[in-house]
Amino acid sequence: MGVDEIITLEDGKEYVLLIETLHEGEKYFLAVEAINNVPSDNYELFKEINENGELSVEEVVDEKLRLQLIDKLEDLYDAMDEED
């Protein structure tokens, strides 16, 4: 699973993975919901789950972890922006 990949959740919602980061050995993604192949204003944080080679995601709901990830992702975004 990686950046620019489109994932479909069990509820049928599609998300585009925008930025990834590692946190305490786990992979996390910032993703935007795509409605009819158009990015929306709905962003989510997902944790990648690897069970016996089967990749899936789960939404990050822990508020403390969300804030830590947002800080890391903002730093990554700022670094990418400076490269352009």
Determine all donor-acceptor pairs shorter than 3.5 Å in which one atom belongs to a side chain in residues 5-13; sequence neighbours excluded.
from, atom 1, to, atom 2, distance (Å)
Glu5, OE1, Gly2, N, 3.1
Asp11, OD1, Lys13, N, 3.0

Open item on the list: With rounding to the nearest 0.5 angstrom, report the CG to CD1 distance, Leu45 to Ile19.
Closed with: 10.0 Å

Distance-only check: which donor-acceptor pairs under 3.5 Å involve side-chain atoms of residues 25-34, not counting sequence neighbours?
from, atom 1, to, atom 2, distance (Å)
Lys27, NZ, Met1, O, 3.4
Glu33, OE1, Asn42, ND2, 2.7

TODO: Under 4.5 Å between side-chain heavy atoms, chaining through other members, with only Ile, Leu, Val, Met, Phe, Trp and Tyr counted: pull out the rest of the cluster around Val61, sorted by chain and number.
DONE: none

TODO: Answer with yes or no whether the hydrophobic clustering places Leu73 together with Val16; edges join I, L, V, M, F, W, Y residues whose side-chain heavy atoms lie under 4.5 Å apart.
DONE: yes

Task: side chain to side chain contact (heavy atoms under 4.5 Å, CB included) evaluation trace for Asp71 with Glu74 - done: CA-CA 5 Å; Asp71 283 344; Glu74 283 178 343; 4.0 Å; yes

Open item on the list: For residues 38-57, which residue pairs pass the ring-ring contact (aromatic ring centres under 6.0 Å, His included) check, not counting sequence neighbours?
Closed with: Tyr15-Phe46

TODO: List the atom of Glu14, the atom of Asn37, and the distance in Å for their closest heavy-atom pair.
DONE: OE1-OD1, 4.1 Å

- [ ] Say whether Leu65 and Val57 are linked into one hydrophobic cluster, either directly or through other cluster members, by side-chain heavy-atom distances under 4.5 angstrom.
- [x] no

Open item on the list: Once side-chain contact (heavy atoms from CB on, under 4.5 Å) is applied, do any residues pair with Ile49, and if so which ones, sequence neighbours excluded?
Closed with: Lys47, Glu51, Ser56, Glu58

- [ ] Output, in order, the C-alpha distance, side-chain angles, deciding distance and verdict of side chain to side chain contact (heavy atoms under 4.5 Å, CB included) for Leu69 and Thr21.
- [x] CA-CA 8 Å; Leu69 292 171; Thr21 189; 4.1 Å; yes

